[in-house]
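What follows is one structure encoded as C-alpha cells, with my remarks underneath.
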Amino acid sequence: MELDEKKYLYLLIILPLVVLLFLMNMYWKKRKQKEFGDLEIINKLSPERSVFKPVLKLIVFLLAFLCLIIGLVNPRIGTKLETVKREGIDIVFAMDVSKSMLCEDVAPNRLEKSKQIVSQIINQLGNDRIGIVAYAGSAFPVLPITTDYSVAKMFLQGMDTDIVSSKGTSLDEAIKLSSTYFDEKSKTSKLLIMLSDGEDHSDGAEAAAEEANKIGMRIVTIGIGTEKGGTIPLKVNGVVQGYKRDKNDEVVVTKLNQAGLELIAKETKGGYVSGNNTKEVLDYIKKTLDNIQKTEFESTQMSNFQSQFQWFVGFAFLLLFLDIFLLEKKTNWVKKLDLFNDEK
C-alpha cells in the first residue's frame, strides 16, 4: 500500500483539537448549570436529555472527519498483477570520480556537470535498463542493472570523489567492471557511456575496449573539461583552502584528454562527444539510441496500484448523514436496556 498525497496527513492535528473543544464546552456547561441552580433539580427538569448522546455524536463526527482525511491522502493498494514486457537496451554509466573531476574549468565542476548530463540522459530514456559504475584508481559498482530510474538518480546524486578510495584514474578497470553488468549470451544491445576528463594513470584502456567489443559492447565517451584545463581546489565546508599539489609541491593542472577518449570509443565502433554543452550531448545520445536495435529483454510482474479514496469519502458522508438523526435526547429502547446509565 502507498499514500498518494501524504501532505494532507497534517490535518489529523484537528482531531485532538475538536476533542479538546468538546471537553471545554462540557466543562463550561457544567459550570454554568451550577451557577444557575442545583444540578439534580436541573436534571429532573430535563429528563429526556442524554449524557451519552453528545459523546456518541462527537465520535461519529471524528470518524467521519478521519475518513475524509484518509480520502484526501488517497491510499492506493495493489489489487492485481499484470505482465509488463519491456523493449530496449542495457546501458551502463561509468562515472569518473577521481580528484581531477573537482576541477572547475566547467561549471560548477566536472563531477557535478557529469551528474547533470547523466540525469538528463535518464530523463529521455524509455524502457531501457541502466546501471552505474564509479571509478578512480579502481572501479566500484554503484547500482546494478535496473529499470527504476528514480533509484538510479538517487544513487547518482550521492556520488562524490570519496566513493572510491584508490587515487588516480583507471579507465580499463571501469570498462572491465562495466562489462560484467552485461550478459554475454544475451542478444540485448549493450551500451557503455563513459564520462571522464580522459586522464588515465594506467595502461590497458584500449585492450579493455577491444575485449568489450568482442561481447558486442559499444562505448560512447563524453569528455568533461577543457583542453586548457584548470587547478583542483581543496575545499572545507565549501571554502577553498588551497589547491592540489604534486610530489614536487607544484600546483596540479588537469586537462581534458580528448584523444584518449576518442581512441577508446573507436575500438568499439562507438563515438565521442564533448560534455561541455549538455544539449549537444543529449542530441548525440538520442541519435545513438535511435540507431541501436531494441530487443525484448524482460517480462516482469508489476503491481497495479488502485486508488481507494472513494470508499473512505463515501463512508464519511454516510456517518455525517447518520449524525443528523442522532439527537441529544434519550432513545426509548436504550432507556429500557439502561445502557451507559442513560436513565440517570
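Everything numeric here is computed off the predicted structure, so don't read it as measured data. Reckoned from all heavy atoms, side chains included, excluding hydrogens, waters and symmetry mates.
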Q: Check Arg110 against Gly229 and note the closest heavy-atom contact, atom names and distance.
A: NH2-CA, 4.2 Å
Q: Please check if atom CD1 in Ile13 has more than 12 non-hydrogen atoms from other residues, nucleotides or ligands closer than 6.0 Å.
A: no
Q: Decide yes or no for Val18 and Leu62: does some side-chain heavy atom of the first lie under 4.5 Å from some side-chain heavy atom of the second?
A: yes
**Q.** Heavy-atom check, side chain of Val151 versus side chain of Leu143, under 4.5 Å
**A.** yes
Q | Rounded distance (nearest 0.5 Å) linking atom OH of Tyr243 with atom SG of Cys103 | A | 10.5 Å
Q. With Val133, which of Leu192, Thr180, Val97, Leu177 fulfils side-chain contact (heavy atoms from CB on, under 4.5 Å)?
A. Leu177
Q: Keeping the roles fixed (side chain from Asn109, backbone from Glu104), state whether a donor-acceptor pair exists under 3.5 Å.
A: no
Q: Using the side-chain contact (heavy atoms from CB on, under 4.5 Å) rule, take Glu199 and Ser98 through it: C-alpha gap first, then chi angles, then the decisive distance, then the call.
A: CA-CA 9 Å; Glu199 289 192 339; Ser98 58; over 6 Å; no
Q | Side-chain donor/acceptor of Thr231 to backbone N/O of Pro233, under 3.5 Å | A | no
Q: Give a yes or no on whether the backbone of Gln293 and the side-chain of Ser189 come within a donor-acceptor separation of less than 3.5 Å.
A: yes
Q: Rounded to the nearest 0.5 Å, what's the gap from CD1 on Ile122 to CD1 on Ile285? Could you check?
A: 12.0 Å
Q) Counting N and O atoms only, with roles assigned by atom type, does the side chain of Lys190 sit under 3.5 Å from a partner on the main chain of Thr188, one being a donor and the other an acceptor? A) yes
Q: Not counting sequence neighbours, which residues clear side-chain contact (heavy atoms from CB on, under 4.5 Å) with Glu227? List them please.
A: Gln258
Q) Does one hydrophobic cluster hold both Val252 and Ile224, with members joined at side-chain heavy-atom distances below 4.5 Å? A) no
(Q) Count I, L, V, M, F, W, Y as connected when their side-chain heavy atoms are under 4.5 Å apart, and connections chain through other members. Are Val251 and Ile232 then in the same cluster? (A) no
Q: Write down the atom of Ile132, the atom of Met159, and the distance for their closest heavy-atom approach.
A: CG2-SD, 3.8 Å
Q) Any link between Tyr10 and Ile14 through a network of hydrophobic side chains (Ile, Leu, Val, Met, Phe, Trp, Tyr) touching at under 4.5 Å? A) yes
Q: Tell me whether Ile89 is reachable from Leu125 by hopping between hydrophobic residues (I, L, V, M, F, W, Y) whose side-chain heavy atoms are closer than 4.5 Å.
A: yes
Q.
Would you say that Leu156 contacts Met95 through its side chain, given a criterion of any heavy-atom pair below 4.5 Å between the two side chains?
A. yes
Q | Heavy-atom closest contact (Leu72 atom, Tyr8 atom, distance) | A | O-CD1, 3.6 Å
(Q) Less than 4.5 Å apart, side chain to side chain, heavy atoms only: is that true for Ile264 and Ile175? (A) yes
Q) Which pair of heavy atoms, one from Ala136 and one from Ser166, lies closest together, and at what distance? A) CB-O, 3.5 Å
Q. If we only count heavy atoms from C-beta on, is the Leu256 to Asp105 side-chain gap below 4.5 Å?
A. no
Q.
Nearest 0.5 Å, please: how far is CG in Asn257 from OG1 in Thr254?
A. 9.5 Å
(Q) Closer than 3.5 angstrom, by distance alone: can the side chain of Lys115 be matched with the main-chain N or O of Lys153 as a donor-acceptor pair? (A) no
Could you tabulate the donor-acceptor pairs under 3.5 Å formed by side-chain atoms of residues 214-223, not counting sequence neighbours?
| from | atom 1 | to | atom 2 | distance (Å) |
| --- | --- | --- | --- | --- |
| Lys214 | NZ | Glu211 | OE2 | 3.1 |
| Thr221 | OG1 | Leu261 | O | 3.0 |

Q. Under 4.5 Å between any side-chain heavy atoms of Phe317 and Leu319, yes or no?
A. no
Q. Given the rule in the side-chain contact (heavy atoms from CB on, under 4.5 Å) test, do Ile145 and Ile130 qualify, once you have shown the distances and angles that lead to the verdict?
A. CA-CA 5 Å; Ile145 288 289; Ile130 61 176; 5.9 Å; no
Q.
I'd like to know if the side chain of Asn291 and the backbone of Lys287 have a donor-acceptor N/O pair within less than 3.5 Å.
A. yes
(Q) Whether the side chain of Ser119 engages the backbone of Gln116 through a donor-acceptor N/O pair (distance < 3.5 Å, no angle test) should be reported. (A) no
Q. Got a salt bridge between Arg129 and Asp148, using NZ or NE/NH1/NH2 to carboxylate O under 4.0 Å?
A. no
Q) Do other residues, nucleotides or ligands put more than 12 heavy atoms under 6.0 Å from the OH atom of Tyr284? A) yes
Q) Do you know the tightest heavy-atom contact between Gly126 and Tyr149? A) O-OH, 3.2 Å
(Q) Applying side-chain contact (heavy atoms from CB on, under 4.5 Å) to Thr161 and Lys99, what does each step give before you reach the verdict? (A) CA-CA 6 Å; Thr161 56; Lys99 296 296 183 182; 3.5 Å; yes
Q) Taking it one step at a time, do Thr226 and Lys255 satisfy side-chain contact (heavy atoms from CB on, under 4.5 Å)? A) CA-CA 6 Å; Thr226 63; Lys255 300 178 180 180; over 6 Å; no
Q.
Could you see if Leu63 belongs to whatever hydrophobic cluster contains Leu23? Use Ile, Leu, Val, Met, Phe, Trp, Tyr and a side-chain cutoff under 4.5 Å.
A. yes
Q: Can you see which heavy atom on Phe312 is nearest to which on Pro75, and at what distance?
A: CE1-CG, 3.6 Å
Q) Out of curiosity, Lys57 NZ to Phe22 CZ, how far, rounded to the nearest 0.5 Å? A) 10.5 Å
Q: Starting at CG of Asp96, measure out to OG of Ser196 and round the result to the nearest 0.5 Å.
A: 3.5 Å
Q. For Lys266, does the NZ atom have more than 12 heavy-atom neighbours from other residues, nucleotides or ligands under 6.0 Å away?
A. no
Q) Any sub-3.5 Å donor-acceptor pair from Gln120's side-chain atoms to Thr278's backbone N or O? A) no
**Q.** Under 3.5 Å: donor-acceptor pair, side chain of Asp160, backbone of Ile163
**A.** yes
Q | Which residues share a salt bridge (Lys or Arg N to Asp or Glu O under 4.0 Å) with Asp283, sequence neighbours left out | A | Lys279
Q: To the nearest 0.5 angstrom, please state how far the CG atom of Asp197 sits from the CG atom of Leu111.
A: 10.5 Å
(Q) Using a 3.5 Å distance criterion without hydrogens, assess whether the side chain of Asn276 forms a donor-acceptor pair with backbone atoms of Gly225. (A) yes
Q. Do the non-hydrogen side-chain atoms of Cys67 and Trp311 ever get within less than 4.5 Å of each other?
A. no
Q | Check: Met194 and Phe93 side chains under 4.5 Å, non-hydrogen atoms | A | no
